[in-house]
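First comes the structure, then the notes that go with it.
The sequence lines fix the lettering, A, B, ..., with proteins before strands; numbering per chain opens at 1.
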Amino acid sequence: MKTPVAHVTNFAIFFNMASGDSEENPQDEQQIISPDQYIKHPLQNKWAMWFFKNDKNKEWTANLKLITAFDTVEDFWGLYNHIQKASKLPSGCDYSLFKDGIQPMWEDEHNKNGGRWLVNLNKNQRQTELDNFWLETLLCLIGEAFEDLTDDICGATINIRGKGDKLGLWTKDARRGDATVKIGQKLKERLKIPVKIAIGFQAHSDTATKAGSTARDRYRV
Amino acid sequence: MTEKGSPARLHAGREIPHRAIADISNLPNDYSTTPGGSIFSTTPGGSRIFYERNFLMQCRNSPLAKTPPRNMAHIPGITTPGDVDIPKENGVVEPKGAKPQKVEGAEEHPQFEMDI
């Protein structure tokens, strides 16, 4: 296998040639453009970003809009740099990032046996933590931070609500205990949630049929 | 297979090869992009692509990330200037300076519709 150094050198030679003789002109050397700037870095998965607004005059699905899908690091930032911050969304709105082909709803075939790790935020945290939590979660998804458990991951949502914002990391199978717990531990670590604060995992099937206001936690970390 | 060798061999068989991309020099040579940015080649053998947090953050200011995606939906207040057209959530106090509440029964929200 060629070394990466050789790869970069080839680019440098190419740009040198394109700009003419550079051996005797140091200024030309400085104009060599790093190949980094022209390479989009491919992601393991293609991801779709969704926006939801809770307009009760409309059907639930009519309120759900696909913003765009992307499969490179640069296209992710192109999107992230040009959409409203999560903390600035009106109450009742969500952002979701899911693997392309999975709809951000628990009824989807990929989600229906799954559940979510839930991080509840208090009102102050919308200003102090929410955007950081959401970005960190997005980076975990696109960077495949869950490593060999990446196939267990479906996506994530951030719910902006007057009664308290919620971040959810969705997995595909609530019965996979070990994998689910490891994913929760990783999320908690990456969000730098203090050890003493527990987060819970709820199966979507429990949430759908819950009797009270919240479904029971299947797992906690 | 020997009794001793079997478990290790089975375990090794399940390992998914991966490489963590912490720097441009970690990127395999056989990743390439077309001038328009679409990928035409990926690593053979099904290895997975992982990116370290710091590398992802470094890419934030890439020239390639300075323009919005061409196929991004136009949603006022989200991807284009304006306000999200949404009735206020029950129990939420309308912030000062917010636009007046829509007339009850106004079901049309044309500015939210996407034209694709």
CG of D178(A): more than 12 outside heavy atoms within 6.0 angstrom? no
Can you tell which of C140(A), A69(A), G143(A), A145(A) has the highest number of heavy-atom pairs within less than 4.5 Å of chain B? G143(A)
Where is the tightest heavy-atom contact between H110(A) and C154(A), given as atom of each residue plus distance? O-SG, 3.5 Å
Check step by step if salt bridge (Lys or Arg N to Asp or Glu O under 4.0 Å) holds for K46(A) and D75(A). CA-CA 11 Å; K46(A) 187 173 186 180; D75(A) 288 341; over 6 Å; no
Give the member of L139(A), I83(A), I67(A) that has the highest number of heavy-atom pairs under 4.5 Å with chain B. I67(A)
Looking at R190(A), I'd like to know if its CZ atom is crowded, meaning that more than 12 non-hydrogen atoms belonging to other residues, nucleotides or ligands lie closer than 6.0 Å. yes
Any pair counted as ring-ring contact (aromatic ring centres under 6.0 Å, His included), so long as it reaches residues 139-175 of chain A, sequence neighbours left out: F98(A)-W170(A), W170(A)-H204(A)
Among M49(A), E144(A), H82(A), the residue with the most heavy-atom pairs under 4.5 Å to chain B is H82(A)
If I measure from the heavy atoms of chain B, does Y95(A) come under 4.5 Å with its side chain, its backbone, both, or neither? side chain
Under 4.5 Å, counting heavy-atom pairs only, tell me which of N81(A), I142(A), N45(A) racks up the most with chain B. N81(A)
Between F70(A) and chain B, which part of the residue has a heavy atom less than 4.5 Å away: side chain, backbone, both or neither? neither
Greatest number of heavy atom pairs closer than 4.5 Å to chain A - which of T67(B), T79(B), N61(B): T67(B)
Please verify the inter-ring angle class for F55(B) with Y51(B); under 30° counts as parallel, over 60° as perpendicular, anything in between as tilted. parallel
